[in-house]
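Working notes, structure below.
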Amino acid sequence: MATFKFAVLPGDGIGPEVMSAALDVLGAACAKAGHELSFTTHDVGGIAIDNHGTALPESTLEACSNADAILFGSVGGPKWENLPPKEQPERAALLPLRKAFKLFANIRPGLLYPELTDASPLKSERIPNGIDIVCIRELTGGIYFGEKKTWQTEDGETAASDTMLYKTSEIERIAEVAAQTALARGKKVCSIDKANVLETSVLWRKTVTAFFKKNYPEIELSYMYVDNAAMQLARDPNQFDVFFTENMFGDILSDEMAVICGSLGMLCSASLGDIKNSLGLKFGLYEPAGGTAPDIAGKGIANPCAQILSAALMLRYSFGQDEIAAQIENAVRKAVTGGVRTGDIAFGKKPVSTTEMRDAIIAAL
Ligand code: NAD
Ligand code: IPM
Ligand code: MN
């Protein structure tokens, strides 16, 4: 019997609703295997601004440092959109958390069950066997973290700039994650960039080419420009197996991948780095790729699957519990393919609530 120690940061909007469902599923799955959960819950994002005057309170950061993993909901929303940009939840809490724990690799699995092709905007003939691809997004570099400024020009205009910056070491370490992911799958990787325009992409492509040639000659490496990749994802997603890309391209492409795989409400993620937890496994932050969904927050109808599947990834990567992780993933699959679906993936089926979805998954366990 083991105890899994993690910090829970539900955040804003639908965050607390889907988090509560995920903790119930996690608790049920772990209890069945004779394990215990030990977590503390902390404010982050807008709610932390309201309660503590800052989006990432010291106490929250400290709780994360003392835990073996972070289970994160999502942050932000209309209530905090008029604060100074640097104080807003996304920039003042989520990005600093990723940076503080050096979580440079964000893994987003694009999985569409064959039984769920009706929830994809793609025609079923194009994806007869569903979709199974992985997006690996660089998460602590690029335009998100380079120098930002706003200034007055000499001719009286306001100008602003964001800087996209990458170093070879940052590119190599994300290439390594892509390579390891590919080795465990189809030994095929596509690197996505904009090397016809951006210097960072020229360096990215050069570094990736040398890295794979030297370390992973057995992996089939291809390249694609990001505009073409956006189109190819919609045309034939399964031509990819593992694709990896810089921070902002990965942000955009993963939302596209999510809807092609049915819904943003199904897309989980693991953010990992090199920091080890007290078990000698990877410290990680686990969160749905989607946001706080202000349009449906508070209605009890959000899809909890992305949060539940993120919790499964936490068990796999930070607690070494592959088997329980797979049980949760299978239970989600069984519930959803059995016809229990929230509104975002209902398409003709009667939509269920967040808690009904949760109960169906626990029953499937
Ligand atoms: P969003 O992802 O919150 O919502 C986009 C659309 O997807 C909405 O129609 C929403 O209802 C739907 N959706 C998302 N998750 C869903 C779920 N689990 N079930 C059902 N439907 C779901 O994106 P947005 O509207 O651009 O952003 C809203 C807020 O969330 C913003 O403040 C944004 O910055 C923030 N955000 C936070 C995170 C994060 O904390 N990781 C991620 C993305 C956006
Ligand atoms: C995501 C989100 C975040 C990002 C925002 C909320 C900062 O969109 O995790 O995809 O852009 O990384
Ligand atoms: Mn995003």
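Worth saying up front: this structure is predicted, and the values here are computed from it rather than measured. In each ligand, atom 1 is the first atom listed, and ligand 1 is the first ligand listed.
For the pair R137 and Y144, the cation-pi criterion (under 6.0 Å, within 45° of the ring axis) is fulfilled.
At the shortest separation from atom 7 (C) of ligand 2 among protein heavy atoms lies E90 CB, 3.9 Å.
A ring pair (Phe, Tyr, Trp, His ring centres under 6.0 Å) check over residues 288-332, counting only residues at least two apart or in different chains, returns the pairs F4-F319. Residue pairs meeting the ring pair (Phe, Tyr, Trp, His ring centres under 6.0 Å) criterion with at least one partner in residues 271-313, sequence neighbours excluded, are F101-F283.
By the 4.0 Å N-to-carboxylate-O rule, D50 lies close enough to K79 to be salt-bridged with it. Ion pairing of R98 with E287 is present here, as a side-chain N (NZ or NE/NH1/NH2) and a carboxylate O approach within less than 4.0 Å. Ion pair R126/D236 not flagged as a salt bridge, since none of the NZ, NE, NH1 or NH2 atoms sits closer than 4.0 Å to an Asp/Glu carboxylate oxygen.
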Please determine whether side chain to side chain donor-acceptor pair (under 3.5 Å) holds for the pair Y216 and Q180, giving the CA-CA distance in whole Å, both sets of side-chain angles, and the decisive distance to 0.1 Å.
CA-CA 9 Å; Y216 298 100; Q180 290 303 331; 2.9 Å; yes

For a side chain to side chain donor-acceptor pair (under 3.5 Å) check, start with the C-alpha distance between T292 and D12, then their side-chain angles and the critical distance, and finish with the verdict.
CA-CA 6 Å; T292 56; D12 309 314; over 6 Å; no

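Side-chain contact between L315 and L26 is present, with at least one heavy-atom pair separated by less than 4.5 Å.
Only the side chain of R98 comes within 4.0 Å of ligand 2, judged by heavy-atom distances. Counting heavy atoms closer than 4.0 Å to ligand 2, residue M248 contributes nothing at all. Of the heavy atoms in S254, none comes closer than 4.0 Å to ligand 2.
Expressed to the nearest 0.5 Å, how far CZ of R205 lies from OG1 of T200 amounts to 12.0 Å.
At least one heavy atom of A289 sits less than 4.0 Å from an atom of ligand 2. Distances shorter than 4.0 angstrom do not occur between any heavy atom of Q88 and any atom of ligand 2.
Remark: the T207 side chain and the E172 side chain contain no N/O donor-acceptor pair separated by less than 3.5 Å.
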May I have every N or O pair linking ligand 1 to the protein at under 3.5 Å, one per line with atom names and distance?
{"unit_1": "ligand 1", "atom_1": "2 (O)", "unit_2": "G291", "atom_2": "N", "d": "2.7"}
{"unit_1": "ligand 1", "atom_1": "3 (O)", "unit_2": "G291", "atom_2": "N", "d": "3.4"}
{"unit_1": "ligand 1", "atom_1": "3 (O)", "unit_2": "T292", "atom_2": "N", "d": "3.2"}
{"unit_1": "ligand 1", "atom_1": "3 (O)", "unit_2": "A293", "atom_2": "N", "d": "2.8"}
{"unit_1": "ligand 1", "atom_1": "9 (O)", "unit_2": "D295", "atom_2": "OD2", "d": "2.8"}
{"unit_1": "ligand 1", "atom_1": "11 (O)", "unit_2": "D295", "atom_2": "OD1", "d": "2.7"}
{"unit_1": "ligand 1", "atom_1": "11 (O)", "unit_2": "D295", "atom_2": "OD2", "d": "3.1"}
{"unit_1": "ligand 1", "atom_1": "18 (N)", "unit_2": "N303", "atom_2": "O", "d": "3.0"}
{"unit_1": "ligand 1", "atom_1": "19 (N)", "unit_2": "N303", "atom_2": "N", "d": "2.9"}
{"unit_1": "ligand 1", "atom_1": "30 (O)", "unit_2": "T292", "atom_2": "N", "d": "3.1"}
{"unit_1": "ligand 1", "atom_1": "30 (O)", "unit_2": "T292", "atom_2": "OG1", "d": "3.1"}
{"unit_1": "ligand 1", "atom_1": "32 (O)", "unit_2": "G77", "atom_2": "N", "d": "3.1"}
{"unit_1": "ligand 1", "atom_1": "32 (O)", "unit_2": "E90", "atom_2": "OE2", "d": "2.7"}
{"unit_1": "ligand 1", "atom_1": "34 (O)", "unit_2": "E90", "atom_2": "OE2", "d": "2.4"}
{"unit_1": "ligand 1", "atom_1": "40 (O)", "unit_2": "V75", "atom_2": "N", "d": "2.8"}
{"unit_1": "ligand 1", "atom_1": "41 (N)", "unit_2": "E287", "atom_2": "OE1", "d": "2.9"}

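Listed by chain and residue number, the protein N/O/S atoms under 2.8 Å of the Mn ion (ligand 3) are D251 OD1, with waters left out.
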